[in-house]
Amino acid sequence: MTESYQHKAIEKRWQDQWEETSLYRSVVDWSKPKHYALTMLPYPSGDLHIGHWFAMTPSDARARWMRMRGYNVMFPMGFDAFGLPAEQAAISRNIHPWKWTYANIERMQKQMRSMGAMFDWEREAISCTPEYYKWTEWFFKVFYENGLAYRDEALVNWSEALQTVLANEQVIDGKDERLGQPVIQKLMTQWFFKITDYADELLNFDELDWPEPIKIMQTNWIGRSEGAKVSFKVASTDDDIVVFTTRPDTLWGATFMVLAPEHSLVDKITTDDQRAAINAYRDAAASATEIERLSEDREKSGVFTGAYAINPVNQKQIPIWIADYVMISYGTGAIMAVPYGDQRDFEFARHFGLEIVAVVQPDGVDEIPVPDEMDEAYAGPGTMVNSGPLDGIAHNGEKGRKSPAIASAIDYLEERGIGEETVNYRLRDWLISRQRYWGSPIPMIHRQDGTVEPVPDSDLPVELPEDVEFMPTGRSPLTYHQPFLNTVDSDGNPARRETDTMDTFMCSSWYQLRYLSPHEQEEPFSAEEAAYWLPVDVYTGGAEHAVMHLLYTRFFTKALRDTGVFDEAIKVMKREGRDPAGLFDEPMTVLRNQGQVLGGERLGDYVLCSGQFSGDKLMADRVEVVEWADVPAGFQGVTGELMKRVEGTLFVGPDNSIVEVKPDAEIIIPAIEGTNNVNQLKHHLEIQRMSKSKGNVVNPDELVDKYGADTVRAYLMFNFDWQKGGPWNENNIKGPSGWISDVWDIVVAGTPEGAGNPDVERDVERKLHQTINEIDNSLEKFSFNKAIADQMKFKNFFKAALQAGDVGPDAWAATVGVMLRLMAPFTPHVAEELWARMGWDYSVHQQPWPEYDEEKAAESEVPLVIMINGKPRGTITVAAGIAQADAEKLVLASEKVQSALNGDTPNRVIFIPGDEPKVNIVVGGKKKK
RNA sequence: GCCGAAGUGGUGGAAUGGCAGACACGACCGCCUCAAAAGCGGUUGCCCUCUGGGCGUGUGGGUUCAACUCCCACCUUCGGCACCA
């Protein structure tokens, strides 16, 4: 008996050897094509999750595959190490964020090493180290000096309970994610990045091979809309109120105006008799929680200011209201209300009895609708009416100038100087201030005269003080740490440091650049490295970052390009003969999202099982699915939720009572028609995210200990559609486990005895080359499950041939050589071990990828499929590449076709060439269907 | 409400418009064993009048010689946005 596969004996040993020999060190080499593979870096939360394995190990397999195919591959890893959890640990457990974070990083590094991934640890970057955040600060300065960073008042998420501002991502449905307490909008002075300058460029995805949904989400998030700005004069004060509208053609139907409660003109225009009511409404709006603002079906509310505006197209006086359905943050914070054409304005007008004027006659309607008889606004296409010069012009329902009515309206406004064509965006500037300690400091100084100035480069980084006290005040300790707070300005006068820190998305917007030279002291990244490696060729990670990180890092790259940060790298590129055109417009060329591994939570059918008890077990002769907990009184038997089913054995209820369903038992499932069987009983229907509170977290360390890293890797790749994810189910691990131990046995068994059968050996070679091709195609498409399945299939074939004694020593060795190289990206340890046992040179990971040979893969004989009316009816074995005429002749002569024709001639004969040729015979006057 | 994605055996999942269910898991039958586990061999979409045939990829239509795949409508689930002017 040969030695069986024991993962513990090999994995650690090879991991150490790879590290000692710097096997995965990636070094610039202009003689080789480069491939920068990147997978999203983790937050050091404490323990590696199975989700990290799911994200990283398939990405690793693909990076390895690229490397074997001759690319110089860089596959770095690091930590996104600033963030709130560290600060929370500091407050609640009195551990300094440094300590907490570094302990977690050390632990996770160790766990990551157990993956056997080809991470180049010499390129590791950790965003909370001064050597890293020095440059995060430096980039802030670059932005500031180029007008891309500014300070302004903004409405932010303020949590009364936590006494702090929260990031958008920390507010879920209007409540903070920690305590679930309401969050309100508060006006505060904050730092912003001008991402809106890049709105149009960010809408262009031409250079990107990214998933369509991500591009759509970003497009919607940016929210470009075409329309016009129109100025209305306030009758009493002569102030201008500018509104943005996508429907300037309906201006003649604007019968009132609405300002956001926060609008700056409200105070000025409000008449004395309305002031009390206005102020009360504004106060209420200011303290309204996000929940209240978001609540649906809310009656329109608002207050009249007492002031009137003049509609610039017809000089009519229209009342000015304030209402919270107008947002200060969108457009100009004011609207012209056209109740005829906008549902919100319509509801508002109805509620307060305001005038509605019909301005569009719908297509196919003879009369102009009477506003009093309308149930809802009309926003569809039609012909303009009651609209002065626009009367008779069509609105075709298109947006912007594509609608004749809108185009005419814009021209009309521009000719008279009362408005202009405008593009408005939903995207707002990126608010990067955080009132927290554990983030990169903002390198700015507040002077006594109230102005701000940047910290000189020579003083960077502004370091976070270590001797801070964390108190449960919700306030950042930086705000009361005197040594940090007190500094001097460029004139030597006492000054105060900025105490806000940066959003952690700032750190992750440029980490792909820091990997190029993580310990570089003089610049954020080495130009020599950047010229070779950039841009990232393949980026993998979760889709949840669609409109945050993935949008920010695109903005960042464009801003760095425009501020000249890449200029040095461009020079190097040119020196090396690489054309830099377009290479610095986008950070990542190809993006693929993996799905999520979910925990399985049970919510199965509720069953009533009756029969005879045999000990604790119920031998059931009747199982009925009933409405949840709808149990008849006095029921004798087992009843409860179906927790699990193993064929005829059911596990029922919270205590998993065992029910054996007899083969002839009656099964009743009201939802499924006809006679039911035990297989149709459903269990664990509801699937949820893994979380500690649900107790369904899968610990990768335990799995690795039990099965080995290679098996866990193969299982994760094999058992899911990687881009989809799915619920965790450990049972299926037997498949990949069996594959690995079979390959092990095949190799360890040693040279087969006997000469072998040349025909079978040729078959093995043919299948092997078909497999190479299949794996290449699968990996190209990120279909990791298929790539593993292809290898299992080959193993099955090879094993059978070996067992039959049909493979001789030479063919065995040659086949093993290819098979191990095919395995290497997926199961790197066992491939390395077996490669070494074959006596071949270290390392299998430095071998070239097997080259697909089409001739060797070609079949000499193929099945010719006989089809009658599109349905397969049998096959004939023919020579590959059979001519159409020959194939048709053979099929027509076949017994099946002859009996189907029954003496008639076929209506049509269709030949489908290919690896599996087919001939479809169309017979009969009518199809039965 | 708007935008997007997905619905395939008992389960995970395969299928450039061309033999649906590859590859696995589970189950069943058999071998081995005192026995169990492991291992090995076989069967496994459903149905029927079973050397054959019918039906099958969420539902209903359509295009095509041929549809899981393309088109239209609908249902369900998941994700994103949401008084966006």
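This structure is a prediction, so every number in the text was calculated from the model and none was measured. Every chain is numbered from 1 and lettered A, B, ... according to where its sequence line falls, protein lines coming before strand lines.
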Using the P atom as the point on both nucleotides, what is the distance between B:C29 and B:A36, in whole Å?
13 Å
With rounding to the closest Å, how many angstrom separate the P atoms on B:C71 and B:G4?
13 Å
Interatomic distance where [atom1] belongs to [X] and [atom2] belongs to [N] [whole Å]:
X: A:Ile322; N: B:C83; atom1: CD1; atom2: C1'; value: 16 Å
X: A:Tyr325; N: B:A85; atom1: OH; atom2: P; value: 13 Å
X: A:Lys793; N: B:A14; atom1: NZ; atom2: P; value: 14 Å

Name the residue closer to the 5' end of RNA chain B, choosing between A:Pro863 and A:Gly725 according to the nucleotide with the nearest heavy atom.
A:Gly725
A:Ile910 vs A:Pro736, nearer the 5' end of RNA chain B by closest nucleotide:
A:Pro736
Does OP1 or OP2 of [N] have a side-chain N or O of [X] closer than 4.0 Å?
X: A:Lys786; N: B:C23; value: no
X: A:Asn796; N: B:A24; value: yes
X: A:Arg426; N: B:C84; value: no
X: A:Lys799; N: B:C40; value: yes
X: A:Arg873; N: B:G53; value: no
X: A:Lys734; N: B:U11; value: no

Residue [X], side-chain atoms from C-beta onward, closest of [options]:
X: A:Ile216; options: B:C81, B:C84, B:G4; value: B:G4
X: A:Asp721; options: B:C84, B:A14, B:C83; value: B:A14
X: A:Ala789; options: B:A85, B:A22, B:G41; value: B:A22
X: A:Trp221; options: B:G4, B:A85, B:C81; value: B:C81
X: A:Lys781; options: B:A24, B:A15, B:G41; value: B:A15
X: A:Asn785; options: B:G13, B:C81, B:G4; value: B:G13

From the options A:Asp249, A:Ile356, A:Thr250, A:Thr245, select the one residue that forms a side-chain contact (heavy atoms from CB on, under 4.5 Å) with A:Val338.
A:Thr250
For B:G9, does the O4'-C1'-N9-C4 or O4'-C1'-N1-C2 angle fall within 90° of 0, making it syn, or is it anti?
syn
Presence of donor-acceptor pair under 3.5 Å, side chain of A:Lys300 and base of B:C83
yes
